[in-house]
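Written below as structure tokens is the structure these notes are about.
Naming convention: chains lettered A, B, ... in sequence-line order (proteins, then strands); numbering from 1 in each chain.
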Number of protein chains: 2
Amino acid sequence: MGTESDLPAPTEWSGIWEVLGCKWTFHILRLLARGDAQFNQIKQKIEGLPASTLSTRLKSLQEETVVVRTVDESATPPTVSYSLTEKGDELAEIIMQIEKLEQRYS
Amino acid sequence: MGTESDLPAPTEWSGIWEVLGCKWTFHILRLLARGDAQFNQIKQKIEGLPASTLSTRLKSLQEETVVVRTVDESATPPTVSYSLTEKGDELAEIIMQIEKLEQRYS
DNA sequence: CCGTATCCCCTAGGATACTG
DNA sequence: CAGTATCCTAGGGGATACGG
């Protein structure tokens, strides 16, 4: 059928998917999509999410440039907050589509 | 900010995400999006994918009504093939958006 | 308050072998 | 061809404790 050979290099099990597949990522992204938040804010709002997991997840998301960590030095004490990048915003919107898809078919 | 309380019931770590997060799911969906395929077709086209994994993955995808298994009895011998449902089609398209997103930002 | 280090367990999934 | 059964191990992630 001619379409056989051009399966375009499967993007591997690429970075973003690796994180997306992890537990809690989805929830974290949903939360951040509603505005920036601090570490413990996130932790408290997502029941069952251990700090250690949040920590590693946030790190992965930063590596994928989906999330940025911002320190506000002007505050006393300085505050740390996390928010979505532009890429992260777009990703969150796509993810919401999947959620809606599920609802539509349930 | 008033938006705090209405985080709409996180959809749990819901079914479709559980499968999407699994290794190989993404590749399988991509492949099926190009038309239906038989078990060994899929297996052969996706390098490294073990039959056992494909088996379980296909089962999960059917449970999520993303994939249908069809037996063509009229053929000799009867052939089995897998294809995307309508829901599966839509899902595949959403997934492609993520792929494009990555490419755009890489 | 904002995290990281550590330990330990459990399961996803790879290899292999086998059946209808 | 179309799968399933079994076994094994690597690592994800939960609990807990600790550091800046």
- Task: Specify the separation, in whole Å, of atom CG of A:D36 and atom P of C:dC2.
- Result: 12 Å

- Message: Taking 4.0 Å as the cut-off, does a side-chain nitrogen or oxygen of B:K43 come that near to OP1 or OP2 on D:dG3?
- Response: no

- Task: Assign each of B:Q44 and B:K59 to its nearest nucleotide of DNA chain D by heavy atoms, then name whichever residue's nucleotide is nearer the 5' end.
- Result: B:Q44

- Query: Once you round it to whole Å, what is the distance between P of D:dG13 and CD of A:E18?
  - Reply: 11 Å

- Is there a side-chain contact between B:L29 and B:L84, using heavy atoms and a 4.5 Å cut-off? yes

- Item | Nearest-neighbour nucleotide for the B:P50 side chain, C:dG14, D:dG13, C:dC1 considered | C:dG14

- Among the nucleotides D:dA2, C:dG13, D:dG3, which one has an atom lying closest to any side-chain atom of B:C22? C:dG13

- Message: Whether A:Q38 contacts C:dC2 is assessed here as follows: a side-chain N or O lying under 4.0 Å from the phosphate OP1 or OP2. Is that the case?
- Response: yes

- Task: Please check if any side-chain donor atom of B:Y105 sits under 3.5 Å from a side-chain acceptor atom of A:E90, or the reverse.
- Result: yes

- For B:V19 against B:S60, the heavy-atom pair lying closest together: CG1-CB, 3.9 Å

- Hey, is the side chain of A:S52 pairing donor to acceptor with the base of D:dA15 inside 3.5 Å? yes

- Query: Has B:W24 got a side-chain N or O lying under 4.0 Å from the OP1 or OP2 atom of C:dG14?
  - Reply: yes

- Message: Run the side chain to side chain contact (heavy atoms under 4.5 Å, CB included) test on B:D36 and B:Y82 for me, step by step, so that the C-alpha distance in whole Å, both residues' side-chain angles and the decisive distance to 0.1 Å come before the verdict.
- Response: CA-CA 5 Å; B:D36 63 335; B:Y82 295 88; over 6 Å; no

- Item | Length of the line joining A:F26:CZ and D:dG13:P, which is rounded to integer Å | 16 Å

- Query: With respect to the side chain of A:F39, which nucleotide from D:dC1, D:dG14, C:dC2 is positioned closest?
  - Reply: C:dC2

- Message: Any heavy-atom pair between the side chains of B:Q62 and B:V68 that's under 4.5 Å?
- Response: no

- Could you check which of C:dG3, C:dG14, D:dG14 has an atom nearest any side-chain atom of B:K23? C:dG14

- Message: Using heavy-atom distances to pick each residue's nearest nucleotide on DNA chain C, tell me which of A:L58 and B:R57 is more 5'.
- Response: A:L58

- Message: Rounding to an integer number of Å, can you tell me how far B:L54 CG sits from D:dA2 P?
- Response: 11 Å

- Task: Measure the distance from CZ on B:R69 to P on D:dA2 and round it to the nearest whole Å.
- Result: 9 Å

